[in-house]
There are 2 protein chains.
Amino acid sequence: MVGKASRTRYAILQHAADRASMDGLEGLTIGSLASDLQMSKSGLFAHFGSKEDLQLAVVEHAAARFAEEIVAPAQQAPAGGERLRAYCEHYLDHLEHSVFAGGCFWAAAACEFDDRPGAVRDAIADGVRVWLAELERQARLAGLPRPAEVAFEIYSLGLGANACTRLLHDTRAFALTRATIQQLLAARATTINGEPPASRVNLRAGE
Amino acid sequence: MVGKASRTRYAILQHAADRASMDGLEGLTIGSLASDLQMSKSGLFAHFGSKEDLQLAVVEHAAARFAEEIVAPAQQAPAGGERLRAYCEHYLDHLEHSVFAGGCFWAAAACEFDDRPGAVRDAIADGVRVWLAELERQARLAGLPRPAEVAFEIYSLGLGANACTRLLHDTRAFALTRATIQQLLAARATTINGEPPASRVNLRAGE
DNA sequence: CCTACCGATCGGTAGG
DNA sequence: CCTACCGATCGGTAGG
């Protein structure tokens with residue numbers, strides 16, 4: 001059974017991740033979260049030992065949501081190039097439908113904590129590393145040359161899409177990102193500068 | 001003559017931009033800035049009318065520094081593809097040499113304010129728009145197809161390079177970014193999907 | 001989960 | 001540019 005306390009905790013984390021995607025993890029305050037959720041400050045605080053523990057719990061929660069909404073659905077697509085496209089598509093959908101009110105939680109968290117030492121930063125960095133490693137793995141399975149470059153490019157385009165839509169309110173950003181990713185996967189799969197891809201056939205598509 | 005007050009103001013803004021690149025514009029506090037600069041709170045505050053005015057002044061200062069250190073030096077290169085490469089090179093140098101202690105001020109500011117309405121956000125968005133428009137202009141002068149895509153890609157790779165170095169402390173990020181940009185400019189300049197570039201010769205190189 | 005409270009710090013002001 | 005101060009809010013605690 002899922003206890004009342006854990007349901008309350010989930011509701012706190014969901015709301016906190018939403019707020020953090022807009023105002024940042026440091027912008028979260030125990031007082032304003034409590035008033036949003038109609039609890040007392042100390043009632044909310046009792047679920048966590050400190051503000052840092054709250055921030056860590058929010059990062060964990062956001063990782064679970066990312067896995068649920070972007071990584072898991074893409075497992076339907078065969079490994080390699082098609083799964084890479086599925087990741088991009090689900091990521092853009094996630095942005096387009098504003099799963100978190102402030103766009104990509106990870107883009108916001110990475111920028112905010114990239115110069116602050118501590119456990120929160122380490123947790124955010126781990127999440128980003130896992131994502132980059134998975135992109136690189138699929139690029140390699142797709143037989144694309146320089147898979148680390150492909151992973152870096154796709155990751156970067158995600159950051160760009162998030163920035164263009166959130167900051168510039170540029171509605172063309174989604175189409176632009178889709179076109180750019182199509183373009184880059186096509187270009188990479190083509191012989192360029194005399195370096196053909198290792199294989200055009202996805203040998204491990206069934207794994 | 002440059003008055004004492006304006007020199008003090010410059011010193012405040014330089015230090016504030018440095019701090020903001022690490023802790024964000026909202027993380028700036030009048031008290032900590034004053035103590036860093038060995039002034040009284042109200043002494044520092046007197047240079048600005050409010051915290052928001054201070055943030056706006058910091059954004060303006062950062063725009064001037066970006067123009068000085070990235071845009072101006074690249075004017076040495078001929079317009080078009082070479083200038084695009086020069087922009088990338090100077091941007092990466094700017095990151096590599098940590099002109100601001102926390103890496104790219106603009107990447108940090110864009111993430112932080114992308115969901116907060118107000119004058120500060122508008123100023124940041126304007127700065128980003130100017131940069132994207134200049135990248136697109138040079139891509140067009142270079143005769144590259146889809147200049148808006150090229151601009152978006154280069155902008156995104158800058159965000160990626162900043163994130164990889166600051167958050168992941170990944171020292172390969174600079175080389176990876178340089179390689180990726182070389183790759184993308186080469187791929188774009190090549191006939192792909194039956195669409196040749198408008199012109200391989202930079203007709204307006206002398207402008 | 002609550003009320004009631006703590007010391008510290010916030011942005012900002014008065015008056016010089 | 002300074003000292004001295006304001007009300008509000010911060011993270012966190014005591015005690016229940």
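Below, chain A is the first sequence line, B the second, and so on; all start at residue 1.
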### Over 12 foreign heavy atoms within 6.0 Å of CD, B:Q76
no
### Query
Do the side-chain N and O atoms of A:H90 and A:E69 include a donor-acceptor pair separated by under 3.5 angstrom?
no
### Query
Salt bridge check: are B:E134 and B:R137 linked by an N-O gap of less than 4.0 Å?
yes
### Message
Strictly under 4.0 angstrom, non-hydrogen atoms only: write out the protein contact profile of nucleotides 9-16 of chain D, one letter per nucleotide from the 5' end, B, S or -.
### Response
-SBBB---
### Message
Could you check whether atom CZ of A:R129 has more than 12 heavy atoms from other residues, nucleotides or ligands sitting under 6.0 Å from it?
### Response
yes
### Query
Side-chain contact, heavy-atom cut-off 4.5 Å: B:F105 with B:V59?
yes
### Task
For DNA chain C, just give me the dot-bracket, please: Watson-Crick or G-U, both distances below 3.5 Å, ( ) intra-strand, [ ] crossing earlier pairs, | paired with another strand, . unpaired.
||||||||||||||||
### Query
Do the non-hydrogen side-chain atoms of B:E153 and A:L157 ever get within less than 4.5 Å of each other?
yes
### Message
On the six-membered ring of B:Y10, is B:R7 placed so that its NZ or CZ lies under 6.0 angstrom from the centre and within 45° of the ring axis?
### Response
no
